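Notes follow once the structure below has been shown.
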Amino acid sequence: MAESWTSLLVVRKPAHLKRMLSGRPAKALAVNTGPRRQLHLALHHDDLRLTQQQQQQRVLLQHYRSLGHMPFKRPAPVPHQGTESGGESESSSRPPPAKQQKTSMQKALPDTTVYIVQAKLDVGGISELFELAEHHTKGACRNAMDADVIITAIAMRRRLERHVPWDIAETKAVVTPAWLRDSVDHGRALPCGDYVAIQDLLETTVEHCPDCNCKPCACSDGDSEAATPRFEAKQLPSPLSSPSTPVKQRAMSTSTKKEEKKPVVPQPVPEHLLPPDPPIPTNLAKLDYMSRYACQRASPLVCPNQALVRELDIIRRSRDLEGEARSALSYERAVSIIKAYPHEIRSLKQVEKLPFIGVKITGLIEEFLDTGKITEAQTINASERFQTLSLFSSIYGIGPSTAIRLYNLGLRSLNDLEVYYGVEPEDVALQSQIVEVEEKPRKPAWQRGQHKGDEGLGDSWTRVALGLREDLAKKIPRAEVEEMGRVVMRELEELEPGCVSTIVGGYRRGKMESNDVDIVFTHPDPSKVKGLCKRLVRKLHERGMVTHVMHLSGFHAHNALRTHHWDSLEKALTVFIMPPSSPFHTGVRRRLDLIFAVPDVYWTAVIGWTGSIMFQRDIRQWAKDKHGMKFDSSGITRRYDSKEFFPKTEKEAFDLLGLEWVEPKWRNADL
DNA sequence: CACCATTACC
DNA sequence: GGTA
DNA sequence: GGTG
Ligand SMILES: O=c1ccn([C@H]2C[C@H](O)[C@@H](COP(=O)(O)OP(=O)(O)OP(=O)(O)O)O2)c(=O)[nH]1
Ligand SMILES: [Mg+2]
Ligand SMILES: [Mg+2]
């Protein structure tokens with residue numbers, strides 16, 4: 001049978017920390033909510049992403065510098081980026097800027113041979129780069145292996161691998177076209193760090209950069225890889241430096257004798273498992289803010305009526321906490337429909353015709369239009385009950401029902417909960433000491449606790465969650481989300497090379513900060529997927545990155561027969577801590593959800609986990625209403641004959657359901 | 001008056 | 001009942 | 001709470 005192993009690491013915090021928990025003004029997190037009152041067209045999360053990438057790159061570089069691994073004499077030039085045309089790494093299509101000046105004289109990069117990856121470049125960009133290469137470098141070569149520098153507009157590892165073998169790329173500086181342009185402008189090779197095309201290659205790119213001021217101090221000449229006595233904890237930051245991949249081995253790819261055994265031909269990942277290259281734009285004109293289905297509306301992250309929506313959401317949350325799920329659903333739908341309304345609401349008439357706005361909610365909106373607030377929401381928000389129930393249910397594992405029960409017991413604060421659940425305040429001096437608690441094979445014991453008579457006190461699981469609350473309450477910046485993705489992928493690559501992943505959830509929808517990180521994985525070979533989730537979690541746990549596992553499901557769990565596509569999804573809900581080797585290491589633990597799908601259901605899993613929740617519910621509602629289909633994250637099934645459908649791409653799933661394509665950034669149908 | 005997404009796991 |  |  002299944003060996004439901006659940007090894008937990010309980011972190012006991014010193015008492016002074018607990019006190020802080022109780023009475024402390026929430027730390028202001030400098031949340032850049034972005035400009036409000038934006039119209040649909042104004043919101044380009046791609047631009048935000050760019051900024052984030054650059055910011056993150058800066059962090060990484062600073063980290064390197066602080067480690068003395070990267071000798072930058074002067075601040076490297078900021079990579080220029082077109083603020084317009086939200087073209088991500090799409091620095092390709094730009095008219096050859098007027099950058100002449102030192103055409104004659106001598107070449108800027110006389111000793112550098114470049115290889116230009118044409119993919120993702122338009123003809124103009126290609127010819128421009130080749131021209132630059134011809135006039136200002138030793139030349140452009142036809143084989144990546146022969147180059148010193150690889151120029152590419154590709155930003156994704158799996159995509160680059162389709163053009164340049166990874167082990168080759170690791171022996172070069174792999175930079176964006178901007179590096180060549182700017183180097184030519186400056187008349188010399190610029191440091192590559194700020195121009196690295198793919199984050200995973202930052203380290204090797206810097207190492208192999210032809211910029212003059214290479215060799216760091218006097219110490220290490222090549223790489224501090226040699227001396228690494230202790231358990232490789234010193235593993236530099238995030239970028240690839242996997243122990244399995246000998247950084248030494250330069251040139252000559254895989255002609256090692258030993259490697260013959262397993263022809264691990266890095267067969268590139270099939271195109272359809274990668275995100276569509278030119279991203280598919282959303283045809284906003286074909287979407288309809290009056291539609292009853294959120295999946296037919298364009299819902300931005302921040303809407304023109306954000307203040308109103310926030311008021312309504314307070315009532316919604318209250319209804320939820322009070323157990324009035326249906327009422328809560330109605331408010332959720334009202335919020336959702338307003339979220340997609342593209343104008344500032346000035347009169348009731350605008351709103352009365354919208355679906356899901358009935359008598360009650362119309363009245364509330366009327367008040368809001370008159371006074372700028374909703375009294376009921378204000379009252380709720382000011383109530384001790386709402387505040388307390390909210391606080392309690394913010395603890396993982398405590399929902400509305402339990403929260404009410406605790407409230408009715410008279411509990412009001414975290415301190416009350418800690419006492420109730422028996423958190424020991426003894427270890428005052430101990431700095432968050434780690435105590436391992438093995439909860440070995442538990443049978444059907446999860447109906448434990450809770451209900452009075454039982455040991456209502458001392459639910460061990462909740463005790464753990466209480467200790468995690470402070471960390472998990474902190475939002476995760478986009479850059480750290482991305483780092484978590486890289487770190488996890490690095491481990492996975494060692495475990496099973498060739499996997500593909502998408503960071504989904506709020507991150508994919510463009511949120512600047514997430515409450516957790518959700519990643520969907522697959523592998524082109526479906527047989528490689530089975531058991532991967534458990535294996536990865538085990539490895540992450542062994543390496544100290546996963547501290548808790550709340551949930552672990554192998555695909556082997558279908559209830560008897562009849563429930564199709566059972567063995568297609570594996571899922572782990574965990575707590576993750578950034579390894580000290582990462583520049584993002586803070587010691588703050590994060591929720592991390594890992595989802596493994598066989599390739600057939602990869603895109604439905606991605607859709608399901610991208611959300612938002614309301615968007616998902618309405619996709620499923622739509623599938624049922626209009627097509628008699630059942631949609632869930634592990635597949636699409638026709639209800640009358642149970643025929644399954646496996647869309648090859650995300651858009652194919654939309655097509656299959658007769659839905660207009662909606663980019664993730666327009667799927668923010670919840671607050 | 002029925003429906004409101006979906007499913008398995010802890 | 002709680003969770004994604 | 002709102003819809004059909
Ligand atoms: O009841 C639910 C909860 C979640 N999801 C899907 C949609 C959601 O977007 C995704 C991830 O859930 P999560 O709780 O992580 O929310 P999020 O959208 O990622 O936002 P954040 O993590 O920032 O809170 O899982 C559902 O379909 N139904
Ligand atoms: Mg999430
Ligand atoms: Mg999640």
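Quick note on labels: first sequence line is chain A, next is B, and so on, each numbered from 1. Computed from a prediction, not measured in an experiment: that's the story for all the values here.
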Original post:
Nearest heavy-atom pair of A:I577 and A:G587: which atoms, and what distance?
Top reply: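 Here A:I577 and A:G587 meet closest at CD1-O, 3.6 Å.
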
Does [X] reach a base, just sugar-phosphate, or nothing at all? Heavy atoms under 4.0 Å.
X	value
A:I595	nothing
A:Q621	sugar-phosphate
A:I395	sugar-phosphate
A:I619	nothing

Is [X] close enough to [N] that one of its side-chain N or O atoms is under 4.0 Å from OP1 or OP2 there?
X	N	answer
A:R639	B:dT6	yes
A:K624	B:dT6	yes
A:R591	C:dA4	yes
A:R617	B:dA5	yes

Rounded to the Å, how far apart are [X] [atom1] and [N] [atom2]?
X	N	atom1	atom2	result
A:E332	B:dA5	CD	C1'	11 Å
A:R326	D:dT3	CZ	C1'	14 Å
A:E352	D:dG2	CD	P	13 Å
A:E570	B:dT7	CD	P	19 Å
A:M614	D:dG2	CE	C1'	12 Å
A:L552	C:dA4	CG	P	15 Å
A:I374	D:dG1	CD1	P	12 Å
A:Q616	B:dA5	CD	C1'	9 Å

Geometric cation-pi criterion, [X] with [Y]: 6.0 Å, 45°:
X	Y	answer
A:K643	A:F645	yes
A:R589	A:F576	no
A:R667	A:W609	no

Among [options], which nucleotide has an atom closest to any side-chain atom of [X]?
X	options	result
A:F356	D:dG2, D:dG4, B:dT7	D:dG2
A:R333	C:dA4, B:dC4, C:dG1	B:dC4
A:S401	C:dT3, C:dG1, D:dG1	C:dG1
A:K630	D:dG2, C:dA4, B:dT6	B:dT6
A:L329	B:dT6, D:dG4, B:dC4	B:dC4
A:T402	C:dA4, B:dA5, C:dG2	C:dG2

Original post:
Using the C1' atom in both, what is the distance from B:dT7 to C:dG1, to the nearest Å?
Top reply: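 Taking atom C1' in both B:dT7 and C:dG1, they lie 15 Å apart.
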
**OP:** Please measure how far the P atom in B:dA5 lies from the corresponding atom in D:dT3, and state the result in whole Å.
**Re:** 15 Å

Original post:
Strictly by modelled atom types, are A:R297 and A:S336 linked by a side-chain donor-acceptor pair under 3.5 Å?
Top reply: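 Side-chain D/A pair, A:R297 to A:S336: present.
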
**OP:** Check whether the ring centres of A:H343 and A:Y341 lie less than 6.0 Å apart, and answer yes or no.
**Re:**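 Here the rings of A:Y341 and A:H343 have centres that are less than 6.0 Å from each other.
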
Original post:
A:D618 or A:H551: which one's nearest nucleotide on DNA chain B is closer to the 5' end?
Top reply: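 The answer here is A:D618.
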
